[in-house]
Amino acid sequence: TEAELDAYFEARIAGDQRIEPRDWMPEGYRRTLVRQVAQHAHSEIIGMQPEGDWIASAPSLQRKAILLAKVQDEAGHGMYLYAAAETLGVDRAELTERLVDGRQKYSSIFNYPALSFADVGVIGWLVDGAAICNQVPLCRSSFGPYARAMVRICKEESFHQRQGYELLLRMMEGTPRQRAMVQDAVDRWWWPSLMMFGPPDAESPNTRQSMAWRVKRDTNDDLRQRFVDMSVPQARRLGVTLPDPDLAWNAERGHYDFGPVDWAEFKRVISGDGPCNAERIARRRAAHENGAWVREAATAYATKHGGGRTA
Ligand code: ACO
């Protein structure tokens, strides 16, 4: 019976066993995973845009090669994640439709512009740093395909974070103007990076159930705090100031205190009204439409040679 299946499922979760695609799972669990994994996949693909703009004007061949590799990795991450979502019975084409129609979200962070080459460094340091902080625990997510995709993605994200930090170290050894570019980029990306972890726990509708199902392993606020704690010494080493006058070590808590996040801005950005939302979606939609002939050709080829298996 359904009750027995549910009890078996809950026992497996409690025993920290992985749930695999062929296993029975409650509809809510499936829906939560489709939502989170698809949103994560969309974020990787949309996330190619802010930095992708700099590939053609990177300041050296070496920087161009690094950036190209990084942006290609993000495409790869999107592919692993769409593949993980497909094991839950949804179709990637359908997920893409939901993204370009605005029915599914992607990370708020990618709605901010990359205004200078220092932004490439800061995106690597802070945005990929925040992504690692959020994703390392997801390597222990209860759904097997998602957790396994995370292992590989986190390894590549570490490289992304290091290349960003190394670029910033170089720029900070440069001219006053280069140092000012780095500080300006830090000022613009710091608060949006804190928003990547999602709303405060008290206002997060999904956290409690996702933690109970072990889809998520930590709460939004705990991960945000971990990120602040790890970023402060890195900022000091770099020689930049984080734009928060309330940032201070709290010996009693053993953590850094930080100022209030502008949640009104977060809500505006996730509801479609951030600085670059319209542009990001328009480009994604155009890329999808321009690629239609490739999908049609691949499907026709597969039908002819592969016994009807579609691309
Ligand atoms: N940007 C856009 N939407 C967000 C963000 C954000 N930074 N944070 C939360 N939301 C959305 C949630 O998706 C949810 O909306 P929905 O119910 O319509 O899906 C709503 O705000 C409320 O948030 P929560 O209840 O806290 O949602 P959830 O439990 O899913 O937690 C979180 C959000 C932390 C982002 C979680 O989904 C997660 O860990 N996802 C995997 C990581 C990820 O997607 N990273 C993408 C950016 S990193 C990168 O690509 C480099």
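The basis for the numbers below is simple: all heavy atoms, side chains too, and nothing from hydrogens, waters or symmetry mates. Just so it is clear, the structure is predicted and the values come from calculations on it, not from any experiment. Numbering of ligands and ligand atoms starts at 1, following listing order.
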Asker: Could you go through ligand 1 and list every pair where one of its N or O atoms sits under 3.5 Å from a protein N or O, giving the atom names and the distance to one decimal?
Answerer:
| unit_1 | atom_1 | unit_2 | atom_2 | d |
| --- | --- | --- | --- | --- |
| ligand 1 | 1 (N) | S108 | N | 2.8 |
| ligand 1 | 1 (N) | S108 | OG | 3.3 |
| ligand 1 | 7 (N) | S108 | OG | 3.0 |
| ligand 1 | 7 (N) | M195 | O | 3.3 |
| ligand 1 | 7 (N) | M196 | O | 3.3 |
| ligand 1 | 13 (O) | Q39 | OE1 | 2.6 |
| ligand 1 | 13 (O) | Q39 | NE2 | 3.4 |
| ligand 1 | 15 (O) | K105 | NZ | 3.1 |
| ligand 1 | 17 (O) | N206 | ND2 | 3.3 |
| ligand 1 | 18 (O) | K105 | NZ | 2.4 |
| ligand 1 | 19 (O) | R35 | NH1 | 2.9 |
| ligand 1 | 25 (O) | S204 | OG | 2.9 |
| ligand 1 | 25 (O) | P205 | N | 3.3 |
| ligand 1 | 25 (O) | N206 | N | 2.9 |
| ligand 1 | 25 (O) | N206 | ND2 | 3.0 |
| ligand 1 | 26 (O) | S204 | OG | 2.7 |
| ligand 1 | 26 (O) | N220 | ND2 | 2.8 |
| ligand 1 | 27 (O) | N206 | ND2 | 3.2 |
| ligand 1 | 29 (O) | K216 | NZ | 2.7 |
| ligand 1 | 30 (O) | R35 | NH1 | 3.0 |
| ligand 1 | 30 (O) | R35 | NH2 | 3.3 |
| ligand 1 | 31 (O) | K216 | NZ | 3.0 |
| ligand 1 | 39 (O) | N134 | ND2 | 2.9 |

Asker: Using residues 2-11 as the side-chain source, report each donor-acceptor pair under 3.5 Å to any protein atom, sequence neighbours left out, with the distance given to one decimal.
Answerer:
| unit_1 | atom_1 | unit_2 | atom_2 | d |
| --- | --- | --- | --- | --- |
| E4 | OE1 | T1 | N | 3.0 |

Asker: Y82: which residues meet the ring pair (Phe, Tyr, Trp, His ring centres under 6.0 Å) condition with it, sequence neighbours left out?
Answerer: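 If we apply the ring pair (Phe, Tyr, Trp, His ring centres under 6.0 Å) test to Y82, skipping adjacent residues, the hits are H42.
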
Asker: Report the C-alpha distance between D128 and F159 in whole Å, list the side-chain angles of each, state the deciding distance to 0.1 Å, and finish with yes or no for side chain to side chain contact (heavy atoms under 4.5 Å, CB included).
Answerer: CA-CA 9 Å; D128 297 318; F159 151 63; over 6 Å; no

Asker: Pairs under 3.5 angstrom only: tabulate donor-acceptor contacts from the side chains of residues 234-241 to other protein residues two or more places apart or in another chain.
Answerer:
| unit_1 | atom_1 | unit_2 | atom_2 | d |
| --- | --- | --- | --- | --- |
| Q234 | OE1 | W125 | NE1 | 2.8 |
| R236 | NH2 | Y256 | OH | 3.4 |

Asker: Could you please spell out the steps behind the side chain to side chain contact (heavy atoms under 4.5 Å, CB included) verdict for W54 and I123?
Answerer: CA-CA 12 Å; W54 282 100; I123 291 172; over 6 Å; no

Asker: For H40 and Y106: C-alpha separation, side-chain torsions, deciding distance, then whether side-chain hydrogen bond (donor to acceptor under 3.5 Å, both in side chains) applies.
Answerer: CA-CA 7 Å; H40 196 161; Y106 58 93; over 6 Å; no

